Student: 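The following block contains the structure, expressed as structure tokens.
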Amino acid sequence: MSNNISTDCHNSTQVDIIPVCMYCFIFIVGLIFNVLALVFFFSQTKSRSHTIVYMTNLALADVLLILTLPMRIYYHLGYEGLPQRLCEIVGLILKANMYGSIFLLTCICFDRCMAVTFPMSTRVKEGRKKAPLVCLGIWIFTFGASLPIYLSKQEKVQCQCFDSLPIYSITPVIAYTTLFVGFGIPLLIMLICSWGLVRAVRKSSVAQTNLVDSRKIQRMIATSILIFLLSFLPYHATLVFLSRYKENITCRMRAAYSYSLILACLNTVLDPIAYYFTTDTFRSTLDMGAVWRMLPLNSQSSDLNNRSRAPNG
């Protein structure tokens with residue numbers, strides 16, 4: 001791969017407006033949403049379910065990913081001076097937490113399927129109690145699997161921080177392994193569990209009454225799958241595509257990788273929305289009106305409204 005591609009495609013003094021806008025949006029909105037989710041999850045000490053354990057770890061992974069974005073914003077604004085080692089560490093944290101999110105989303109889907117399909121099974125109940133150990137294993141696996149990318153003895157290619165391609169990840173063996181283990185298997189598990197969940201709801205006697213809206217549940221499941229595909233399919237498809245043309249990388253290919261990574265980061269904003277619409281307790285506890293009033297402009301307008309309503313004298 002040519003060493004001059006990075007400098008040909010990126011002008012260090014030019015602002016990359018699309019990445020800057022998208023990363024700023026993800027950082028602000030994603031951080032607010034996930035912090036609110038964490039506040040709610042940690043407040044559920046008495047009624048914390050096994051799904052809440054997975055959701056708490058998912059929110060933590062999303063927050064850690066979001067906290068790496070200011071470095072990318074700084075770089076895409078055209079500033080120089082970021083050490084290459086710092087860029088690699090930020091990339092490690094982002095990738096590890098991205099795959100942590102994928103595996104945790106898979107665990108949430110699997111946990112719900114088991115809880116609905118086998119509600120009376122003692123073995124399933126005992127297995128669900130191991131949620132904290134499963135989460136610990138995911139953290140160890142994702143960071144452990146990401147370390148070889150940065151500890152490899154391959155020759156370092158001169159690159160420009162976040163514009164450089166992951167040389168280790170786009171080797172054919174690694175790219176296809178990542179596609180299979182990091183995306184294909186989780187997607188297959190989610191599809192099977194979603195099918196099992198829909199089937200169990202349809203056969204349930206409660207679904208025959210007005211107590212459960214089975215169509216709403218099906219839309220919820222379909223939306224979750226679509227969000228998963230939108231967030232992570234472009235990134236993994238781009239990795240495989242780059243692995244096939246590794247010796248002839250063009251600027252358009254590099255741009256496609258950059259945008260696919262933005263879509264993967266956008267999942268940190270979509271996850272809390274999924275909490276809100278799929279968790280009844282979360283929706284009933286979180287007062288969105290109060291969140292809206294927390295914003296400075298809205299708090300000022302509400303003060304003005306209160307003053308106008310107050311009686312004179």
Side-chain angles (χ1 to χ4, degrees), residues 33-65 96-146 181-207 211-212 214 217 220-221 224-225 227-228 267-268 270-286:
F33 282 4
N34 281 284
V35 168
L36 287 173
L38 285 174
V39 170
F40 166 75
F41 293 147
F42 282 114
S43 67
Q44 300 298 305
T45 55
K46 295 182 179 179
S47 59
R48 180 172 295 179
S49 65
H50 307 299
T51 304
I52 293 294
V53 174
Y54 291 120
M55 286 184 172
T56 303
N57 281 267
L58 178 59
L60 286 172
D62 287 343
V63 168
L64 287 176
L65 189 153
N97 285 283
M98 181 179 73
Y99 284 105
S101 297
I102 290 176
F103 293 130
L104 287 167
L105 286 168
T106 306
C107 289
I108 291 172
C109 186
F110 181 79
D111 181 76
R112 284 175 174 169
C113 180
M114 292 295 102
V116 173
T117 308
F118 307 103
M120 305 304 294
S121 174
T122 304
R123 185 174 298 178
V124 170
K125 291 180 180 179
E126 291 297 323
R128 295 184 68 208
K129 291 180 181 180
K130 298 178 181 179
L133 291 178
V134 174
C135 293
L136 178 61
I138 289 174
W139 285 102
I140 295 174
F141 175 74
T142 52
F143 275 93
S146 301
V181 177
F183 178 77
I185 292 179
L187 177 61
L188 180 62
I189 293 174
M190 291 183 70
L191 289 173
I192 294 174
C193 291
S194 298
W195 172 80
L197 187 58
V198 171
R199 185 170 177 268
V201 170
R202 284 181 177 178
K203 288 189 174 183
S204 173
S205 58
V206 181
L211 298 177
V212 175
S214 59
I217 294 176
M220 176 195 74
I221 294 172
S224 300
I225 297 296
I227 289 175
F228 187 86
N267 184 257
T268 60
L270 300 177
D271 285 340
I273 297 175
Y275 305 151
Y276 184 78
F277 286 105
T278 61
T279 307
D280 293 336
T281 308
F282 187 86
R283 185 168 59 252
S284 60
T285 303
L286 186 61

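Everything quoted here is computed from the prediction, not taken from an experiment. Side chains are part of it too, since the values below use all heavy atoms of this structure and drop only hydrogens, waters and symmetry mates.
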Student: So, taking the atom named CD1 in Ile221 and the one named CZ in Arg112, what distance separates them when rounded to the nearest 0.5 Å?
Tutor: 9.0 Å
Student: Does the pair Tyr99 and Phe183 meet the rule for a ring-ring contact (aromatic ring centres under 6.0 Å, His included), with working shown?
Tutor: CA-CA 9 Å; Tyr99 284 105; Phe183 178 77; 9.5 Å; no
Student: Sort out for me which residue in Leu104, Ile138, Asp62, Ile108 forms a side chain to side chain contact (heavy atoms under 4.5 Å, CB included) with Asn57.
Tutor: Leu104
Student: Can you tell me if CZ on Phe118 sees more than 12 non-hydrogen neighbours from other groups inside 6.0 Å?
Tutor: no
Student: To check you understand the geometry: which heavy-atom pair defines the closest contact between Tyr54 and Cys135, and what is its length?
Tutor: CD2-SG, 3.5 Å
Student: Is there a side-chain contact between Leu105 and Pro186 in this structure, where contact means two heavy atoms from C-beta onward sitting under 4.5 Å apart?
Tutor: no
Student: Here's a test for you: under side chain to side chain contact (heavy atoms under 4.5 Å, CB included), which of Met55, Met114, Lys130, Arg128 qualifies with His50?
Tutor: Arg128
Student: So which atom in Cys107 and which in Val134 form the shortest heavy-atom distance, rounded to 0.1 Å?
Tutor: SG-CG1, 3.8 Å
Student: Can you confirm whether Ile227 sits close enough to Asn267 that some side-chain heavy atom of one is under 4.5 Å from a side-chain heavy atom of the other?
Tutor: yes
Student: Tell me yes or no: between the side chains of Ser101 and Asp271, is some donor less than 3.5 Å from an acceptor?
Tutor: no
Student: Can you tell me which residue among Leu38, Leu58, Leu36, Asn34 is in a side chain to side chain contact (heavy atoms under 4.5 Å, CB included) with Pro272?
Tutor: Asn34
Student: Ser224 versus Ser194: any side-chain heavy-atom pair under 4.5 Å?
Tutor: no
Student: To the closest 0.5 Å, what do you measure between CH2 (Trp195) and CD1 (Ile225)?
Tutor: 14.5 Å
Student: Supply the atom-to-atom distance Cys113 SG to Ile192 CD1, rounded to the nearest 0.5 angstrom.
Tutor: 9.5 Å
Student: Kindly compute the distance separating CG (Leu187) from OG1 (Thr106), expressed to the nearest 0.5 Å.
Tutor: 8.5 Å
Student: Rounded to the nearest 0.5 Å, what's the gap from CD1 on Ile102 to CG on Asn97? Could you check?
Tutor: 11.5 Å
Student: If you measure from the Lys or Arg side-chain nitrogens to the Asp or Glu carboxylate oxygens, is any gap between Arg123 and Glu126 under 4.0 Å?
Tutor: no
Student: Output the distance between atom CG (Leu60) and atom CZ (Phe41), rounded to the nearest 0.5 Å.
Tutor: 10.0 Å
Student: For Gly100 versus Thr142, what's the shortest heavy-atom pair and its separation?
Tutor: N-CG2, 3.5 Å
